[in-house]
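Following: one structure in structure tokens, then a few remarks.
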Amino acid sequence: MSQHQHPADDRATAGATAPAGQGAPRSDDATAGPGGDGGRSGLGRRTFMTLSGVGAAGAVAATARPAAAEVPATVTAGRRPRLRFRDDGTYTIVQFNDTQDDEKIDRRTLELMRAVLDDEQPDLVILNGDNITGGCDTPLEMRQAMNNVAQPMEERGVPWAITFGNHDEDSTPTSGVDEEQMLAFYRSYRHNVNGPTARGVTGQGNSHLLIQGTNGRPAFNVWLLDSGRYAPGTLAGQNFHGYPTWDWIRMDQVDWYYDTSVALERRHGRKIPSLMFIHIPLWEYRFMWFGSVDGRTAADHERGKARHGIEGERNEEECPGPFNSGLFSAVQHRGDVKGIFCGHDHVNTYSGDYYGVLLGYAGNTGFGTYGLSGAERNRLRGARVYRLDESVEGVLTGTAMRFASEFGIDLTADDQWIEPLPLPDGRD
């Protein structure tokens with residue numbers, strides 16, 4: 001059964017009854033649609049194709065978490081890979097978004113990931129949410145789905161980290177494996193660099209990664225935030241009918257970012273330039289595209305495009321949560337974050353400079369998810385690349401999309417799923 005979806009169906013079914021941060025069965029996969037696919041089935045496109053037993057991911061003990069206002073210990077300690085600029089002062093980050101498949105992944109998703117990794121030779125990879133989706137009925141199938149998207153980096157010894165999106169817990173009701181257990185499983189890989197999640201802060205995986213410069217001091221930072229899943233069915237006795245029903249960055253997460261940013265500046269004597277990765281976009285993305293809060297005309301967009309230097313495509317409406325989280329205001333005030341990048345809306349690839357902060361999408365890496373219409377379904381499958389140079393003010397020198405078409409990957413509008421990749425020893 002195909003995961004290809006129709007754009008019009010998504011907003012009517014997305015998250016209307018799912019508590020924030022919890023999984024819930026969704027409507028049938030074949031009738032849901034884009035905009036972050038909130039209406040996707042909790043069972044995925046190959047519903048009930050495979051069934052099997054219990055696994056170790058849920059048994060991995062939760063790691064102790066640092067206090068929200070503290071600067072977490074560097075994740076490069078111990079066995080974890082060291083994050084350091086190259087001897088020539090450069091660094092490359094690749095963002096894969098919405099790989100979003102079950103244990104039988106579309107082979108072209110892995111082909112694309114491997115092609116980008118081989119061509120770009122990145123120093124760090126971010127899997128920015130919706131790494132897996134529904135269709136995993138057991139803990140074993142959950143581990144297989146997660147292992148599929150970990151292997152391209154593990155095969156090449158490339159450091160990598162994840163954030164969570166709205167679909168990562170779609171299989172939790174059937175498998176019993178939640179995001180806390182998923183994070184522990186991802187962190188068990190040799191080349192994963194996720195730190196422990198910030199204690200007392202909403203979500204899982206809220207953390208940051210300091211990257212050392214050639215002088216051994218921090219030259220850049222990467223913020224990873226969990227933007228949640230779906231809005232609750234009601235809040236203060238009121239439902240969300242007529243409003244977006246995605247989740248949003250909560251104020252304790254904004255506080256954690258702000259306080260940690262200040263602590264880092266005090267510790268190192270300067271603000272550390274950084275990128276921030278979240279799965280669900282902020283309201284400011286739409287404001288930037290139209291150069292307006294209320295306007296939605298072509299002329300509004302042309303004004304926004306000229307003002308903010310927007311590049312890339314917008315093929316569906318942005319799907320933020322019902323509330324403006326205040327994250328952009330905090331970031332703009334602090335001045336350390338050079339860009340905030342998301343996924344969620346698969347067929348948007350645009351980015352622009354919104355009052356000193358880049359806002360942008362990474363498109364969609366996973367071939368098993370919705371894309372454009374008809375024969376163009378897979379045209380925008382790709383990844384986003386970030387170039388850093390510690391000798392340049394702000395360090396971030398540029399960003400660009402890389403598309404599957406550049407690597408000669410089959411873009412046929414069909415499904416080409418494969419059997420799960422073998423699990424590493426000790427993860428069966």
Side-chain angles (χ1 to χ4, degrees), residues 65-75 83 85 91 93 95 124 126 128 161 163 195 197-203 205-213 217-228 248-288 307-309 320-321 323-342 351-361 386-390 392-399:
R65 300 167 183 170
E70 294 176 0
V71 179
T74 175
V75 300
L83 302 181
F85 275 68
Y91 199 86
I93 298 174
Q95 176 187 359
L124 176 65
I126 305 298
N128 192 33
T163 69
T197 193
R199 186 176 63 207
V201 177
T202 301
N206 298 296
S207 59
H208 73 96
L209 308 172
L210 286 176
I211 305 170
Q212 293 182 359
R217 300 178 59 203
F220 204 75
N221 193 21
V222 173
W223 299 95
L224 307 173
L225 293 181
D226 181 359
S227 56
W248 63 93
I249 298 289
R250 304 307 174 94
M251 188 52 63
D252 60 356
Q253 295 173 283
V254 178
D255 287 345
W256 171 80
Y257 150 70
Y258 194 95
D259 292 346
T260 305
S261 172
V262 170
L264 286 169
E265 182 179 11
R266 288 173 179 166
R267 174 178 292 183
H268 299 289
R270 62 190 180 91
K271 293 179 181 178
I272 309 298
S274 58
L275 283 170
M276 180 176 285
F277 293 95
I278 58 177
H279 182 77
I280 296 174
L282 305 176
W283 277 98
E284 284 84 1
Y285 281 64
R286 184 177 297 174
F287 301 162
M288 179 181 75
R307 179 190 298 154
H308 303 299
F323 304 134
N324 189 315
S325 66
L327 179 62
F328 180 84
S329 180
V331 160
Q332 205 281 332
H333 181 74
R334 279 294 300 151
D336 56 346
V337 174
K338 304 306 175 184
I340 305 173
F341 285 84
C342 72
S351 66
D353 182 337
Y354 191 69
Y355 299 102
V357 181
L358 291 176
L359 300 180
Y361 283 93
Y386 305 86
R387 314 282 185 196
L388 310 181
D389 187 330
E390 66 175 343
V392 174
E393 184 178 359
V395 183
L396 177 65
T397 62
T399 178

Ring pair (Phe, Tyr, Trp, His ring centres under 6.0 Å) partner of His208, the single match among Tyr257, Trp223, Phe277: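 Between His208 and the candidates, ring pair (Phe, Tyr, Trp, His ring centres under 6.0 Å) is satisfied uniquely by Trp223.
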Approximate separation, where rounding is to 0.5 Å, of [X] [atom1] and [Y] [atom2]:
X: Arg334; Y: Ile272; atom1: CZ; atom2: CD1; answer: 10.0 Å
X: Arg217; Y: His268; atom1: CZ; atom2: NE2; answer: 8.5 Å
X: Thr260; Y: Asn221; atom1: OG1; atom2: CG; answer: 9.5 Å
X: Cys342; Y: Gln95; atom1: SG; atom2: CD; answer: 8.0 Å
X: Arg266; Y: Ser261; atom1: CZ; atom2: OG; answer: 10.5 Å
X: Ile249; Y: Asn324; atom1: CD1; atom2: CG; answer: 11.5 Å

Taking [X] for its side chain and [Y] for its backbone only, find out whether a donor-acceptor pair lies under 3.5 Å.
X: Ser227; Y: Ile280; answer: yes
X: Gln253; Y: Arg250; answer: yes
X: Asn206; Y: Ala198; answer: no
X: Lys338; Y: Pro273; answer: no
X: Thr163; Y: Leu225; answer: no
X: Arg286; Y: Pro281; answer: no

Results of side chain to side chain donor-acceptor pair (under 3.5 Å) for Asp389 - residues two or more places apart only: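 Only Ser391 meet the side chain to side chain donor-acceptor pair (under 3.5 Å) criterion with Asp389.
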Not counting sequence neighbours, which residues clear side chain to side chain donor-acceptor pair (under 3.5 Å) with Asp226? List them please. none
With a 4.5 Å cut-off on side-chain heavy atoms, are [Y] and [X] touching?
X: Leu210; Y: Leu264; result: yes
X: Phe220; Y: Leu275; result: yes
X: Glu284; Y: Gln332; result: no
X: Leu359; Y: Phe328; result: yes
X: Leu396; Y: Leu358; result: yes
X: Tyr91; Y: Val395; result: no

I need the minimum non-hydrogen distance between [X] and [Y], along with the two atoms involved.
X: Ala161; Y: Leu224; answer: CB-CD1, 3.9 Å
X: Ala219; Y: Glu390; answer: CB-OE1, 4.0 Å
X: Thr397; Y: Leu388; answer: OG1-N, 4.2 Å

Any chance you could lay out the side-chain contact (heavy atoms from CB on, under 4.5 Å) test for Tyr354 and Phe287, step after step, and finish with the verdict? CA-CA 9 Å; Tyr354 191 69; Phe287 301 162; 3.7 Å; yes
Give the C-alpha distance, both sets of side-chain angles, the deciding distance and a yes or no for ring-ring contact (aromatic ring centres under 6.0 Å, His included) between Tyr361 and Tyr285. CA-CA 9 Å; Tyr361 283 93; Tyr285 281 64; 5.4 Å; yes
Between Ser325 and Trp248, a side-chain donor and acceptor under 3.5 Å: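 There is no such pair between these side chains.
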Please assess Met276 against Leu327 for the test side-chain contact (heavy atoms from CB on, under 4.5 Å), listing each intermediate value before the final yes or no. CA-CA 11 Å; Met276 180 176 285; Leu327 179 62; 3.6 Å; yes
